[in-house]
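All chains are named by letter (A, B, ...) in the order of the sequence lines, taking the proteins before the strands, and each is independently numbered beginning at 1. All figures in this text were calculated on a predicted structure; none of them were measured in a lab.
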Number of protein chains: 2
Amino acid sequence: MSDRYLDFANSGVGGWLTGALGLPRPAPLRRRAEAGTGLVGPLLLGPAPNEDGNGRLAATLGRLAGASGQKTHAEWSPDVRYGGLVFDASNCADAASAQSLYRFFHQAIRSVAEHGRIVVIGTPPELMADAEGEAIQRGLEGFVRSLAKEARRSIAVHLLYVAPGAEDAAGSTLAFLLSPRSAYVSGQPIRVVTPVATGEAGAGHKGRRVLVTGASRGIGKAIARLFVVEGAQVVALDVAGAAEGLSTLKAELGVETLALDITAPDAAETLLADARARGGYDVVIHNAGITRDRTLARMEPREWDSVMAVNLSAPLAITRALVEGGGMRPNGRIIAVSSLSGIGGNMGQSNYALSKAAWIGAVRRLAPQLAGQGITINAVAPGFIETQMTAAIPFAIREAGRRMNSMGQGGHPVDVAETIAWLADPASGGVNGQVVRVCGQSLLGA
Amino acid sequence: MSDRYLDFANSGVGGWLTGALGLPRPAPLRRRAEAGTGLVGPLLLGPAPNEDGNGRLAATLGRLAGASGQKTHAEWSPDVRYGGLVFDASNCADAASAQSLYRFFHQAIRSVAEHGRIVVIGTPPELMADAEGEAIQRGLEGFVRSLAKEARRSIAVHLLYVAPGAEDAAGSTLAFLLSPRSAYVSGQPIRVVTPVATGEAGAGHKGRRVLVTGASRGIGKAIARLFVVEGAQVVALDVAGAAEGLSTLKAELGVETLALDITAPDAAETLLADARARGGYDVVIHNAGITRDRTLARMEPREWDSVMAVNLSAPLAITRALVEGGGMRPNGRIIAVSSLSGIGGNMGQSNYALSKAAWIGAVRRLAPQLAGQGITINAVAPGFIETQMTAAIPFAIREAGRRMNSMGQGGHPVDVAETIAWLADPASGGVNGQVVRVCGQSLLGA
């Protein structure tokens, strides 16, 4: 679980040696533990001078900056190192107006501090008036993905599509993207639309009841820990075989625990009864998952079946039971853990990739259905995350996984947890039906 | 433009040496020039025994096999090497039924001949009755992408979503996917829906009028050549500076030529007048494109502007002029050349990636608009293609580009041309608004 190259390259001798040899020297990312949850630094807002007075997100940004004590600047100065650049491209509707992107970033990109953030604001392409408008807004994705590959390894670059009228619902998302919490999220579009229910901004997870499956170790444990830190009442679920991990968690964090095999025939029913007895869940996180890697020609039937059961059928059945049986509270949140394997496929993972790609379809379908009840459903797709599972991967493959992304390093379990906590925020009701990668902009994709 | 490693690994001494050293030995792909345009070999249809009598595409497959003289088999035999496996998963609506995929491919995948093809038939996920059905159908993408990575390097694996009722419109697409013409296309979903107009199946491009921009060399030249071989009347367009290439093309292929700068203010008007004088185009291929690679911080304004003008604004304006001004004939086809850079972004290509990603938005918006006139619009996204342009890339980067895909080699310009010819087929009216990668399933993506 330790990245020795990263440690070495950032040590005294190692830094000198990697520099002399021209080797890459990724900077260790700064997360909540080192840098808190506020904005990463003063913000520069573009385009500047802002022709229509203010960008669509100006008010939201002003509030965020005010709350965090960071300044916002409307004009670039060569003497300032900016924590973040935010560019409002939501009105770009043709190639001529897109030139403003070039003018702003050509100058400003050198002024971003290490660990800084870049956010381009767009309008969802399908909401533009004509084909050229849709083309340019869709084109922003190519621009942002390129910039994320050009920026230094500690800088994340985002495309935030905000539907007209949903500006006020973008606060929790902007706060996340401009904070150390999003250290390992970069180079993808995220959408905010009219929220399914209005949550209290800034209320966080205090007092909310949160179910985390597969909570005894790895990413599940990090999720449970983060929600406890945020003041939630966490129920940590895992199979009976993980009882030791669960008791450690209970002793460490004071969470409640639930030993249950989610693939048991009556699991959904049992869980619903338990949920109702607790007064329902605000947040359900389907983190439990298994791999049974083997090429399809060599795979055993039980390796196929068990992966489908744990990763797909069980969490789908539980979702249905909780939603239909009154196990979810209003303004609820469901988050599934998908995977880059589900997006790009992976050798030896035809079972796993099917089960994880299926969640992309499931959240797409369920999002509008659950919106009527004020519930959102989203997925996260982790890339290479440093866990016991990835520590068991052979060295060369592990190294490739770690380095083949724009950050030059693997993520930590807490990076997945932070992304889930943002999606689960009561104020994130405008983010629905999406799949958010937590992969440092891995090269791999579809 | 020559891949020396591929040649070496497939020579006598090279084959022995690479084998002894455990180095990868990609097989040179077999294309139309070596293997014709028919099916690659006998087909095995699954699931078998087929519980509902026949799969949805059975009649279409029977016709294709009959026309090509290949057999179709309904039961797997260990003694047969199959040219293709076609599995109808269109009725899979839950995890239990998806087990049929495992049972079939676990057995059959070893029986695929070199250069074989695998096609999984699905139903467009959003057309399924419920969330589990949508999940499984979407999950097929993860399965197929994994299988494409597991299959030997000469075998392409496809996911073909066919909307219920559009089975008869899938013939040209199945014929393409099961033939040597699709040698460098693999690991992605392709959709066939109710066609915009009914074209004559098997009529091909005989007598059709085809405009190819940027036709004087590279991919454009390969496109012009292929359409000439297919009996089309090709108009090869390029800038005045490429006059020599154009005259060579004229002498070689007998095409008509048109020297025009598509970014000139009156270019769209000129081209429309010319098109009307010719009686309109059946097919327009926006192949002209330029790169001006540089990180955004160092990029010159004209490098940004010229890429936007050539790659995006000009072809969009020409499309509008031809469609609105009567420059397109009925059952027309428009195909734009996008790029993997537009999908995943690329360092030093923020301008290029924006312009190429924009086409993903443009075809999505224009497809339903043009469908009313019986015209389809699609894009192809080439990966690493062996041309003069890629030959100029520094060795290490070029080698990485060549090997980082499931085929272990770069594509040829003709691979892009073949894909365009399929999209342009009069019988491909059910394929609309799509972006098809020609990349040998490159690892790179979004």
What part of [X] lies closer than 4.5 angstrom to a heavy atom of chain A: side chain, backbone, both or neither?
X	value
E126(B)	both
I343(B)	both
Q188(B)	neither
L443(B)	both
M404(B)	side chain
D305(B)	side chain
I360(B)	both

Quick one: does L296(B)'s side chain get under 4.5 Å of L147(A)'s, heavy atoms only?
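Counting from C-beta outward, L296(B) and L147(A) do come under 4.5 Å.
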
I109(A) side chain reached by T295(B) side chain, heavy atoms, under 4.5 Å
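T295(B) does not reach I109(A) side chain to side chain.
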
Distance check, rounded to the nearest 0.5 Å: [X] atom [atom1] versus [Y] atom [atom2]?
X	Y	atom1	atom2	result
S313(B)	E132(A)	OG	CD	5.5 Å
L312(A)	D94(B)	CG	CG	9.5 Å
R320(A)	D130(B)	CZ	CG	7.5 Å

Under a 4.5 Å cutoff for heavy-atom pairs, which residue among [options] has the most contacts with chain A?
options	result
A135(B), G142(B), A131(B)	A135(B)
G361(B), G133(B), G139(B), A96(B)	G139(B)
A357(B), S355(B), A108(B)	A357(B)
A297(B), S406(B), C439(B), A353(B)	A297(B)
S350(B), G187(B), A362(B), S442(B)	S350(B)

Can any side-chain N or O of [X] pair as donor or acceptor with the backbone N or O of [Y] at less than 3.5 Å?
X	Y	value
R437(A)	A446(B)	yes
S146(A)	M347(B)	no
E150(A)	G348(B)	yes
K149(B)	G345(A)	yes
Y102(A)	M299(B)	yes

I'd like to know whether R364(B) forms a side-chain contact (heavy atoms from CB on, under 4.5 Å) with R138(A), so could you lay out the CA-CA distance, the side-chain angles of the two residues, the decisive distance to 0.1 Å, and finally the verdict.
CA-CA 10 Å; R364(B) 203 206 70 90; R138(A) 181 60 181 76; over 6 Å; no

Most contacts with chain B, counted as non-hydrogen pairs under 4.5 angstrom, among Q369(A), Q107(A), E141(A), R110(A):
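Maximum pair count with chain B is reached by R110(A).
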
Largest heavy-atom contact set with chain B, pairs under 4.5 Å, which of E300(A), K356(A), Q137(A):
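Maximum pair count with chain B is reached by E300(A).
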
More than 12 heavy atoms of other residues, nucleotides or ligands under 6.0 Å from CZ of R81(B): yes or no?
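Yes.
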
Taking all non-hydrogen atoms of both residues into account, name the closest pair between [X] and [Y] and its distance.
X	Y	answer
E134(A)	R365(B)	OE1-NE, 2.6 Å
L354(A)	L140(B)	CG-N, 4.4 Å
A358(A)	I136(B)	CB-N, 4.4 Å
G344(A)	R145(B)	O-CB, 3.3 Å

Would a line drawn from the ring center of W304(B) to the ring center of F143(A) be shorter than 6.0 Å?
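Ring centroids of W304(B) and F143(A) are less than 6.0 Å from each other.
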
